[in-house]
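What follows is a short report on a single structure.
In this chain, numbering begins with 1 at the start of the sequence shown.
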Amino acid sequence: MRDKEEIDLGAELIQGKTGTSEDILSNDVAANRPVFPKRAVITAGMPYGNKELHLGHIGGVFVHADVFARFLRDRIGSENVIFVSGTDCYGSPILENYRQLVESGEFEGTIDEFVRGNHEKQKEVLQQYHISANLFGASGIGRAAEIHREFSDYFIRKLYENGHLVKLTTKQFYDAEAGVFLNGRQVVGRCPVAGCSSEKAYADECSLGHQYMPAELINPRSTITGRKPEMRDVTNWYFRLENFRELLLQWVEKLEVDPASRKFAIKSIREFLEPPVIYVKKDYLDQLDSIRQMLPEFELADEEGKTSATLVFGDLDSRERACSVLTENGIRYRTGKTLVPFRLTGNIEWGVPAPCIEGLDGLTIWVWPESLWAPISFTMTFLEMAGKDREEWKQWWCSRDSKVYQFLGEDNVYFYGPAEMAMFMGQQGENPVADPPEGELQLPELIVNNHLLFLDKKASSSGAIKPPMARDLLDYYTAEQLRAHFLGLGLGIRSVGFRPKPLNPAATARDSDPVLKEGNLLSNVFNRAVRSCFYTAQKYSDGKIPVREISRDVLEEARKTILEYEWLMYRREFHLVMNLMDTYIRNINKYWTAKMKEADDTGNDELRLQVLADAFHMVRTAAALMHPIAPEGTEMIREYLRFGEEFWSWDRIFDTVYSFMEDPVEHRLKFLEPRVDFFKKHPSQIVK
């Protein structure tokens, strides 16, 4: 028969009166916790449809986005979170890559088949890394493409109706030998923006994301014939981005007081909000003075110790007129970063059709603008697929109760920062504000990561150093080992090298593998703690968790860890999350080793059962906090505990294991066979 005291304690635990949230969480603590939105959309930068996913896609963006999406599902409820991304199907990089592959005989088929094949490969790799997107769509495939085309038409027309578009005739590169206009990636040269070292600059943007007018590109060359192209007139629609400078400055000022904002990203954005300037070598100052009356009004800044003087103009038009005058008079110059009209359309055939406005027909939408609002289209697609009214997208994107979190790499700050925020503001009307009212598109929160280097070098598919493919990394590591490692690198504060020992030619047999630092926390330390609990319960407690009041110091350590973890997730400081969990999980083993030794030395069976109960609470806490990071292993823990999905809910994050049992005294754990691992090593890491 069960002891009456044990039955009474079990009943009390079921009712949630011992060691539960209300018992250990004071009102003062609750008042100082971060506030999360009622609904959230998470997006991850869209990979181009001309390639499989590589290291940067997975380790630099998708893992971070997925961990935060999984955390929010636990924190605010899975029904209140939508995680969307997809393949960027259009744009000149895809068209040019396809052309080259067909020309070389490496690919046979249509461009649509080319993109579809890569999209399916991307989806497959995301699944292998446990990326839990509600929808990984494609801007040019299936229902997502249809909705994206409709919304793109709506978005651009609304900008036009609100007076934020301008029709400009500009010079576009034309290869006279090939007899074709050249799209963005079919022209390469040197970036004209002062201070930029990129030798891989395209028609109107360089590889580092700097924007300029095509005529400013230095030493342009056609990738088709290798010859210097001509400049011919073309007419396109542009967004008046330069008119939003003051509103964008207000937006940036709010970011600067937000503790969750990444300061390096704010600094990068501010650089684009500088007034229009031209840098002229001081050797040309006398010549400049001789033509000053021909130039628009400007202020001259001639700082001692610098090789160039700065010409500061009141507006972009003045700077552009000055560029023409300087060019005509043979004065060399470089332009500074500033806001320029943001091109919306082009004449590339492979693209989303642009709306016909003022008779300007036959154009397509430039890939960068339409990729910025593609997550809205994907949200609509997901809602429709889920059997809901797709117009509910406004509850997710236009409500102050919601928040959109966009994960991206630092090279794309210009587009997701000034360009996207201004276009979203422009949807409000003729007189937008920086703080959108309820019902208007809210401004997303940007989570910008620094470069994930490969062996301490910047790698890119189009560069000299190629990043390893994400699929290939799984030949050496498990997905959960890699997820934990990518989080621990601290990309939110600096660029960091990914140095896997199997792919590092400089590594010796005696060197440890830095990628396994966080992985071993799972497969060694945490795995040992969980197994110890289950095997001890099977040996000493009839396969059950002993019914005991959890020790106050154990409850307190769990509480402090949970609250610190919550703030770190709120600020997206993922590397500190990993540091915190490293300490907490190692403390489980330290506590276990010390207390179990005491129980063994003294023959104190009661102490052993108390330690077992305490350790299960620590494992419960660690599993709940590691759930977004290592979903496969932690789900296995839940399975063996025989608990439901409510185990992950933060409504009950401070509860002990007993509150998840119908009858704590009778609740039996799933039997754990010998040598079963909750967090597995990769087969290549197992010494035979």
Side-chain angles (χ1 to χ4, degrees), residues 42-48 56-57 59-62 64-65 68 85 88 91 93 184 191 193-198 200-202 204-212 239 241-242 244-245 247-256 258 260-274 335-343 366-375 404-425 434 443-453 458-460 462-463 490-496 571-574:
I42 291 85
T43 78
M46 296 169 61
Y48 275 132
H57 294 126
V61 176
F62 271 101
H64 297 77
F68 193 63
S85 184
D88 205 347
C191 180
V193 174
C196 181
S197 59
S198 175
K200 185 158 283 189
Y202 307 108
D204 52 9
E205 64 163 322
C206 78
S207 59
L208 299 179
H210 300 145
Q211 298 284 294
Y212 42 81
F239 173 65
L241 178 57
E242 69 279 15
F244 284 77
R245 182 169 177 267
L247 291 179
L248 289 170
L249 285 170
Q250 294 176 33
W251 166 65
V252 168
E253 287 170 1
K254 289 183 65 177
L255 295 183
E256 289 174 332
D258 182 352
S261 294
R262 295 183 171 172
K263 305 312 176 189
F264 77 92
I266 296 174
K267 180 182 177 183
S268 179
I269 290 168
R270 270 203 174 276
E271 291 176 352
F272 292 108
L273 304 184
E274 292 295 320
T335 54
K337 295 179 187 178
T338 193
L339 298 177
V340 300
F342 189 57
R343 182 165 63 88
W366 185 38
V367 63
W368 259 115
E370 51 98 351
S371 69
L372 296 176
W373 59 72
V404 176
Y405 301 91
Q406 294 188 315
F407 286 77
L408 60 140
E410 64 174 305
D411 283 351
N412 298 330
V413 164
Y414 175 82
F415 299 104
Y416 287 94
E420 178 180 85
M421 299 303 161
M423 287 197 299
F424 279 22
M425 292 179 200
L443 303 185
E445 192 160 333
L446 304 182
I447 300 94
V448 185
N449 276 347
N450 285 280
H451 293 299
L452 177 55
L453 309 174
K458 185 179 178 183
S460 71
S462 58
L491 294 176
I493 56 176
R494 65 191 183 282
S495 294
V496 184
R571 295 194 295 263
R572 277 83 63 187
E573 295 177 328
F574 298 113

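Smallest separation of non-hydrogen atoms from Trp366 and Arg343: CE3-O, 3.1 Å. Counting all heavy atoms, side chain and backbone alike, Phe415 lies closest to Ala419 at O-CB, 3.3 Å. Here the closest non-hydrogen pair linking Ile266 and Ser261 is CD1-CB, 3.7 Å. Heavy atoms only, all atoms of each residue included: Thr43 and Val404 are closest at CG2-CG1, 4.4 Å. Considering every non-hydrogen atom in both Pro375 and Leu372, the closest pair reads CD-O, 3.5 Å. The two residues Trp251 and Pro418 have their closest heavy-atom pair at CZ3-N, 4.5 Å.
Side chain of Glu410 to backbone of His451: a donor-acceptor contact under 3.5 angstrom is found. For the pair Ser85 (side chain) and Met46 (backbone), a donor-acceptor distance under 3.5 Å is absent.
For Lys267, the NZ atom counts as loosely surrounded, since its 6.0 Å shell holds 12 or fewer non-hydrogen atoms of other residues, nucleotides or ligands.
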Test log, rule side-chain contact (heavy atoms from CB on, under 4.5 Å), inputs Leu443 and Lys254: CA-CA 12 Å; Leu443 303 185; Lys254 289 183 65 177; over 6 Å; no
Derivation and outcome, side-chain contact (heavy atoms from CB on, under 4.5 Å), residues Lys337 and Tyr414: CA-CA 11 Å; Lys337 295 179 187 178; Tyr414 175 82; over 6 Å; no
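You'll find the ring centres of Trp368 and Phe342 outside the 6.0 Å limit.
Within the 4.5 Å cutoff, the side chain of Lys458 has heavy atoms near those of the Asp411 side chain. With a 4.5 Å cut-off on side-chain heavy atoms, Cys206 and Val193 do not count as touching. For the pair Phe424/Pro444, a side-chain contact is recorded, criterion being any heavy-atom separation below 4.5 Å from C-beta on. No side-chain heavy atom of Thr338 sits less than 4.5 Å from a side-chain heavy atom of Glu242. You'll find the side chain of Phe264 reaches within 4.5 Å of the side chain of Val448, heavy atoms only. Residues Leu446 and Gln406 form a side-chain contact, since some pair of their non-hydrogen atoms from C-beta on lies under 4.5 Å apart. Proximity of Asn449 to Val61: side-chain heavy atoms (C-beta onward) are nowhere separated by under 4.5 Å.
Taken to the nearest 0.5 Å, the CD1 atom of Ile447 stands 8.5 Å off from the CD1 atom of Ile42. Expressed to the nearest 0.5 Å, how far CG of Leu248 lies from CD1 of Ile269 amounts to 9.0 Å. In this structure, the separation between CD on Glu420 and CG on Leu241 is 12.0 Å, given to the nearest 0.5 Å. To the nearest 0.5 angstrom, Arg262 atom CZ is 8.0 Å from Leu491 atom CG. A distance of 8.5 Å separates CD1 of Ile493 from CG of Asn450, quoted to the nearest 0.5 Å. How far CD of Gln250 is from CE of Met421: 14.5 Å, rounded to the nearest 0.5 Å.
One finds a salt bridge joining Arg270 and Glu256 here, because a Lys/Arg side-chain nitrogen approaches an Asp/Glu carboxylate oxygen to under 4.0 Å.
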